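One structure is given here, and the rest of the page talks about it.
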Amino acid sequence: MDGNHKHIVLGITGGIAAYKSMLLIRLFKRHGYEVRVTATRHALEFVTPLTIETLSQNKLYTELFDPTEHRDVQHISMADWADCVVVAPATANIIGKYAHGIADDALSTLLLAAKGPVFVAPAMNDRMFAEPTVQHNIELLRQKGCHIIEPQSGFLACGTEGTGRMEEPERIFDIVNQYFQGEQILASKRVMVTAGPTYEPIDPVRFIGNHSSGLMGFSIADAAAEWGAEVTLVTGPTNLNTRHPGIRRIDVTTAAQMFEACMTVADQQDIMIMSAAVADFTPETTASEKIKKTADTLDLHLVKTRDILATIGQQKRDDQFLVGFALETQNEKVNALKKLHTKNADMIVLNSLRTEGAGFRTPTNKVLMITRDEQTFESELKDKKEIARDILRLVHKLTTTEAQ
Ligand code: CTP
């Protein structure tokens, strides 16, 4: 059985898609997962406790203070029991509560105590889904390290068409199942990932930075760890968190610190993926006091930072695989190929800022992966977590075929 008795807590909230969660319970059970359900009161307007308990073969948990369960603090024992929590459907309400740490019922309280990964499948009216506060809350959940299972567009229960329909249960099952199965293709591999921007200080209050959020690198680190790798994530300043125990995180601020951190661990790695947006130039000196605006102009003298990717490219052994990133605004492929070869990488992942929905500060990306022998693999525009898996799958394929 692929689920291997892993424990799923399914949180159901009050949306019409709650009826589809019954199928989700069946899918988990059929594949060997143990399922316990917590449903909000509104969810029980759509589905009945009898259906849930019959399908999950477990008692439904709805009340934070249940007089029949006095021996156990249910939300804590359930959070301890869970290998993961899946909230499907997730209404705007539970997303908002979880994003802001509000715990006023069984599910919201349990979520704050959850230890493992949390998957959230939003389902709501398209205007509600597009509403800036809801989008902001979803972004906060992403930053917490939650897996957001994007809703689909199509016919909505309110009679309109738009984006907000909960992803189909089969697909939600696949995503969670893949998390646990993950093929473990990277088991026993050591993977270093760089992520985020760097901040180069001008004076004690100012710096030169860039728009990188770190999401692409964090997604790669998460996906590699899910597939069994021992991951070292060297990251510049971001708001992101990772929840996977297989990730060792090293926080840095400047390009020089990132260089040092990478050099310390590079030797022990099998795969190195350099997705950080490292500053190419840094102020030659940092003013010790805040620079005052006494003059009409200010000259900053910048010097080149050391190129981490190129340095590792020069030093790496034949058994190490190096992936660079290229962010281009023009002559994309030509420039990316030049980077691939001059920096001696084994593969380069090209992002174009010209592609809508790709690049900085978007949850999605579209990339062109180019190998050392100039084979190209183009992805669709999709969630960065999915792009991360595409990159790792290709790296796995290239490292296993090259090794033969
Ligand atoms: N990179 C790095 N160290 C640096 C600068 C860049 O490791 N000091 C890495 C990035 O992490 C990325 C790749 O180099 O994997 C490409 O970075 P990019 O800034 O696009 O390329 P540059 O070589 O700096 O070229 P240019 O800025 O001229 O496009």
Side-chain angles (χ1 to χ4, degrees), residues 1-15 17-44 46-49 51-66 68-69 71-91 93-95 97-99 101-123 141 144-149 166-167 169 171-181 226 243-245:
M1 284 264 200
D2 37 3
N4 212 3
H5 301 291
K6 284 265 187 265
H7 295 171
I8 310 260
V9 164
L10 176 64
I12 306 177
T13 65
Y19 83 91
K20 292 190 181 177
S21 304
M22 301 304 100
L23 190 57
L24 192 55
I25 302 175
R26 295 250 356 221
L27 285 166
F28 282 129
K29 293 291 290 179
R30 200 183 301 149
H31 288 85
Y33 289 89
E34 297 288 330
V35 182
R36 288 171 74 182
V37 177
T38 170
T40 61
R41 282 185 205 158
H42 287 151
L44 298 179
F46 297 96
V47 286
T48 72
T51 317
I52 293 171
E53 293 188 344
T54 308
L55 291 174
S56 70
Q57 296 167 305
N58 268 315
K59 188 171 181 303
L60 169 68
Y61 169 52
T62 45
E63 295 303 323
L64 198 48
F65 305 107
D66 182 349
T68 63
E69 296 283 348
R71 248 181 258 123
D72 223 0
V73 182
Q74 270 279 334
H75 59 276
I76 302 296
S77 67
M78 238 164 120
D80 283 341
W81 178 87
D83 291 307
C84 89
V85 180
V86 180
V87 186
T91 55
N93 186 42
I94 192 72
I95 289 169
K97 286 202 288 190
Y98 185 31
I102 294 168
D104 64 353
D105 63 3
L107 174 58
S108 53
T109 311
L110 183 147
L111 278 169
L112 294 189
K115 296 189 300 192
V118 176
F119 296 82
V120 175
L141 293 189
K144 276 192 212 237
C146 288
H147 299 252
I148 304 296
I149 303 176
M166 187 176 84
E167 180 56 281
R171 180 75 192 123
I172 298 177
F173 167 77
D174 277 349
I175 290 170
V176 178
N177 191 40
Q178 218 182 56
Y179 177 90
F180 286 113
Q181 301 311 301
E226 283 161 18
R243 301 172 74 99
H244 202 292

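Here the structure is a predicted model, which is why all the values come from computation and not from measurement. Values below: all heavy atoms of this structure, side chains included; hydrogens, waters and symmetry mates excluded.
For the atom pair Leu10 CG and Ile52 CD1, the distance stands at 8.0 Å (nearest 0.5 Å). The structure places CD1 of Ile25 at 11.5 Å from CD1 of Ile8, a figure rounded to the nearest 0.5 Å. With rounding to the nearest 0.5 angstrom, the CZ atom of Phe173 is 9.0 Å from the CZ atom of Arg30. Residue Asp104 holds its CG atom at 7.5 Å from CG of Asn93, rounded to the nearest 0.5 Å. The distance from the CG atom of Asp105 to the CG atom of Leu111 is 9.0 Å, given to the nearest 0.5 Å. To the nearest 0.5 Å, the span separating OG1 on Thr38 from CD1 on Ile12 amounts to 8.5 Å.
Here the side chain of Thr91 pairs no donor or acceptor atom with the backbone of Thr13 at under 3.5 angstrom. Side-chain N or O atoms of Tyr19 include none that pairs as donor or acceptor with a backbone N or O of Phe46 at under 3.5 Å.
Taking 4.5 Å as the limit, every side-chain heavy atom of His147 sits out of range of all side-chain heavy atoms of Ile175. Thr62 has its side chain out of reach of Arg41: every pair of non-hydrogen atoms, C-beta onward, lies at least 4.5 Å apart. Side-chain contact between Leu27 and Asn177: absent, with no pair of heavy atoms (C-beta onward) separated by less than 4.5 Å. Inter-residue side-chain proximity for Phe28 and Lys6 is flagged as unmet; no heavy-atom pair is nearer than 4.5 Å. In this structure, the side chains of Val35 and Arg26 stay at 4.5 Å or more apart for every pair of heavy atoms. The shortest distance between side-chain heavy atoms of Leu107 and Lys97 does not fall below 4.5 Å. No side-chain heavy atom of Cys84 sits less than 4.5 Å from a side-chain heavy atom of Tyr179. For the pair Val47 and Ser21, the minimum side-chain heavy-atom distance is 4.5 Å or more.
The aromatic rings of Trp81 and His7 sit parallel, their planes meeting at an angle under 30°, below the 60° perpendicular limit.
Contact between Thr40 and Gly14 at its shortest, heavy atoms only, is OG1-N, 3.6 Å. For the residue pair Ala113 and Ala79, the shortest heavy atom distance occurs at O-CB, 3.5 Å. The minimum heavy-atom distance between Ser56 and Lys29, with the atom names listed, is O-NZ, 3.4 Å. Here the shortest heavy-atom pairing between Ala88 and Ala121 reads CB-CB, 3.9 Å. The heavy-atom pair separating Ile95 from Ala90 by the smallest distance is CD1-O, 3.9 Å. For the residue pair Pro169 and Leu24, the shortest heavy atom distance occurs at O-CD1, 3.5 Å.
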Given the rule in the side-chain contact (heavy atoms from CB on, under 4.5 Å) test, do Val37 and Leu55 qualify, once you have shown the distances and angles that lead to the verdict? CA-CA 10 Å; Val37 177; Leu55 291 174; over 6 Å; no
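Figure legend: cation-pi geometry between Lys144 and Tyr98, with NZ or CZ positioned under 6.0 Å from the six-membered ring centre and within 45° of its axis.
In the model, Tyr33 has no side-chain atom that pairs as donor or acceptor with a side-chain atom of Asp83 under 3.5 Å.
Partners of Asp174 by salt bridge (charged side-chain N to carboxylate O under 4.0 Å, His left out), not counting sequence neighbours: none found.
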